[in-house]
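Just so it is clear, the model here is predicted, and its values are computed rather than measured. Letters A, B, ... mirror the listed sequences (proteins, then strands); counts begin at 1. What's counted below: heavy atoms across the whole structure, side chains too, no hydrogens, waters or symmetry copies.
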Number of protein chains: 2
Amino acid sequence: MKGGKGADGTKSAPGLRERSGTARPRMADVARIAGVSTATVSRALRQPELVSPEVRGKIAAAVEHLSYRPNLMAGALASARSKTIGVIIPSMINAFFSVTLEAIEEGLAGAGYQLLIGNSHYELETEERLITSMLAWSPAALVVTGCRHSRGAMRALLDTDVPIVEMWELTDNPIDTAIGFSQRDIGVAVARHFKERGARRLGFVGAMHQRDYRADARRAGFFETALSVGYEAPAEVQLPGLPTSVRGAKAFAELMSAHPDVDAVLCTNDIVALGALFEAQRLGWSVPERLKICGVGDVDFAAACEPGLSTVSLPRRAIGLKIAEVLRERIAGNLPTGGVHDLGFELVRRGST
Amino acid sequence: MKGGKGADGTKSAPGLRERSGTARPRMADVARIAGVSTATVSRALRQPELVSPEVRGKIAAAVEHLSYRPNLMAGALASARSKTIGVIIPSMINAFFSVTLEAIEEGLAGAGYQLLIGNSHYELETEERLITSMLAWSPAALVVTGCRHSRGAMRALLDTDVPIVEMWELTDNPIDTAIGFSQRDIGVAVARHFKERGARRLGFVGAMHQRDYRADARRAGFFETALSVGYEAPAEVQLPGLPTSVRGAKAFAELMSAHPDVDAVLCTNDIVALGALFEAQRLGWSVPERLKICGVGDVDFAAACEPGLSTVSLPRRAIGLKIAEVLRERIAGNLPTGGVHDLGFELVRRGST
DNA sequence: GATAGCGATGATAGCGGTTACATTTTCTCG
DNA sequence: CGAGAAAATGTAACCGCTATCATCGCTATC
């Protein structure tokens, strides 16, 4: 029964290491019952081909009988490697990262890996803390979001033998392996798209200006391209706080009232864009005729609204699967060298542009 | 520099346990430099008040100098407890669980805990596998979603001393602690709400009928209450596969074409409901006059669309914070006994009903 | 028939900490 | 000032498993 339930009055002296009635079986117990040494049990469990079928059978029976589960920490300590993958993302709420996370998990769970997840909250210092504390678990690999890190984090990442993957961004100079796409080029592509669609004056709704530097890269690409194809600098407004639809709607309204000549708006992500889209409808601007709206992310939802939201589809799932693939190779030792994998993105044109 | 980068031609024999140039410092190194025993170092690190300030200073200096990080696995093995919290959720993509996850993390990260996350994909067998493998890490606590488990999982959960929290659901008979709300009552509340609003004939759009039994409990509450307040059994359609907006729109259209008399629809969640809402607009049904639509979850987005989506707001964040709170107490040993915490939900009426 | 070769298994030293217990140092106070 | 208690530190036995190396039969080889 559950320990710790006070009702029985058993005051368990804190700190006293007591084995409750049925102790969790150890490998030694299995070995004893099967009549072999622990070394053989260990082998039978991790490299069965080294053990004779007969003994293997006895061990399996003992394991079954005791319902033995190896203590992974002991194993990890002894072998100096654990079946754990550390993943650091800047936000758990952001559905984009969740999809990537799920894909990593799918690609690796079968091989018995567990995901150790950390949330950096878009803060480089928090990321550094997480990196060092995750490395203290000797994970089989560590996945971080982005290619920009604090000095301390950089040192820790370069200094370890754990395979490192930087995701959701590209760089010429990866610590080890980078898997993602060019954030900047997204801005470029949308600006060009607006041009093609005949927009006259561009606008931009951003968020977390100083913290989310990936979003900032998109913005930079958008602004530079706008200028280079003949626009004046896009009108801009930044959301206070996290990007939500409600805030997006409000910010969009401000943008349009300050710059009524704007006729094409890029929003930092789809959530914001959808807020803007609805606000536009409420305000009576016809989309896409009078006003074009484009988001980033291609959330499930963008395809369902009316008009459909044009957006940039990101390889969120592909990133995760690729990470899993690379990591499997990497851990198996086949792929000693890192590299950069550009998974691209896709501008999905729907009704809103 | 990074190990494993092939360029230098160093073929590192696999399996050979080699220390790269600068070995990771061990506690013994710190002890030597500080001129004390490892026991003292260990104490200085985890119960500083037991060590004299002077020695503490020397140790801190040595730690700093070597940039020593304790090997958490060794510590966990020796102390039979790890600063790890296992959390099993049925889906990582589902934003609801993500919010709870983030809240758990927020409430616990400060205390140095790491989240070990598993995805059960709404499968009880997968959950069982995850439970046993997570328990093999001796986590400080284990959080599972829901109160229904396979026999094997149940046995494992009852048999361990690790504190267990069942979340997102209530039960009269928790394994240890349950923190959530009544799924069934949500269905009840929405049925009553429709009645109050004068609906004549109810409809229901569901998903994952056989897998997501929590959604099923909502459905049951809705159907039973519908009957008990005088409706005939709601017209129903089930989505094939995961609940998405696009599928929701389609299923909703089917429902309405098969049962044109339906004038109030409960959708299993907001994503589906929003698909339905837009489809309704496309089809020219006026909302809420001709047709009322209600979702579940209160996603950010539900407040932004036009008309606003009526929905049931779930205590997603509150659940996570409560879990963190209970766990902190629990781990500190103050709160030996479990219990059931009903965090309730709230029907949020917006324009769509 | 002695020897090498090979597969299967056992013995055992760690992995890097934690902690019960022993020991030493420092107070406290009659 | 010395005894006893309290505080600070050291000693060493684990935690439970992995991995190296030694050992033990047996068969293949000359």
Using the salt bridge (charged side-chain N to carboxylate O under 4.0 Å, His left out) criterion, which residues pair with R317(A)? Sequence neighbours excluded.
E106(A)
Euclidean distance, atom [atom1] of residue [X] to atom [atom2] of [N] [Å, nearest integer]:
X: K58(A); N: dA8(C); atom1: NZ; atom2: C1'; value: 12 Å
X: L45(B); N: dT19(C); atom1: CG; atom2: C1'; value: 15 Å
X: R24(B); N: dG16(C); atom1: CZ; atom2: C1'; value: 10 Å
X: M27(B); N: dG16(C); atom1: CE; atom2: C1'; value: 8 Å
X: R81(B); N: dG17(C); atom1: CZ; atom2: P; value: 17 Å
X: M73(B); N: dT18(D); atom1: CE; atom2: P; value: 12 Å
X: L72(B); N: dG16(C); atom1: CG; atom2: P; value: 13 Å
X: L77(A); N: dC14(D); atom1: CG; atom2: P; value: 17 Å

Which residues satisfy the side-chain hydrogen bond (donor to acceptor under 3.5 Å, both in side chains) test with [X], sequence neighbours excluded?
X: R46(B); value: none
X: S42(A); value: none
X: H149(B); value: E127(B), E166(B)
X: S52(B); value: none

Which residue pairs satisfy the salt bridge (charged side-chain N to carboxylate O under 4.0 Å, His left out) criterion with at least one member in residues 31-44 of chain A, sequence neighbours excluded?
D29(A)-R32(A)
Residues at least two apart in sequence or cross-chain that pass side-chain contact (heavy atoms from CB on, under 4.5 Å) with E123(B), listed by chain then number, are H121(B), E125(B), T126(B), R211(B)
When you measure from the side chain of A78(B), which nucleotide among dG16(D), dG16(C), dT19(C) comes out closest?
dG16(C)
Side-chain donor-acceptor pairs under 3.5 Å in residues 61-72 of chain A, sequence neighbours left out?
from, atom 1, to, atom 2, distance (Å)
N71(A), OD1, M73(A), N, 2.8
N71(A), OD1, A74(A), N, 3.0

Indicate whether OP1 or OP2 belonging to dT18(D) is found under 4.0 Å from a side-chain N or O atom of R46(A).
yes
Evaluation steps, side-chain hydrogen bond (donor to acceptor under 3.5 Å, both in side chains), between E128(A) and S150(A):
CA-CA 7 Å; E128(A) 175 173 342; S150(A) 68; 2.5 Å; yes
Output a table of nitrogen or oxygen pairs between the protein and nucleotides 7-12 of chain D separated by less than 3.5 Å.
from, atom 1, to, atom 2, distance (Å)
dT9(D), OP1, S52(B), OG, 2.9
dT9(D), OP2, S52(B), N, 3.0
dT9(D), OP2, S52(B), OG, 3.3
dG10(D), OP2, S37(B), N, 2.8
dG10(D), OP2, S37(B), OG, 3.1
dG10(D), OP2, T40(B), OG1, 2.7
dG10(D), N7, R43(B), NH2, 3.1
dG10(D), O6, R43(B), NH1, 3.3

To the nearest 10 degrees, the angle between the two end axes of the helix from dG1(C)-dC30(D) to dG30(C)-dC1(D) (five pairs per end) comes to 40°
Within the side chain of T177(B), is there an N or O that forms a donor-acceptor pair under 3.5 Å with the backbone of V165(B)?
no
Using heavy atoms and a sub-4.0 Å distance, could you list which residues of residues 134-142 of chain A are near DNA chain C? By number, please.
none
Please list, chain by chain and in numerical order, all residues satisfying ring-ring contact (aromatic ring centres under 6.0 Å, His included) with W168(A), sequence neighbours excluded.
F97(A), F181(A)
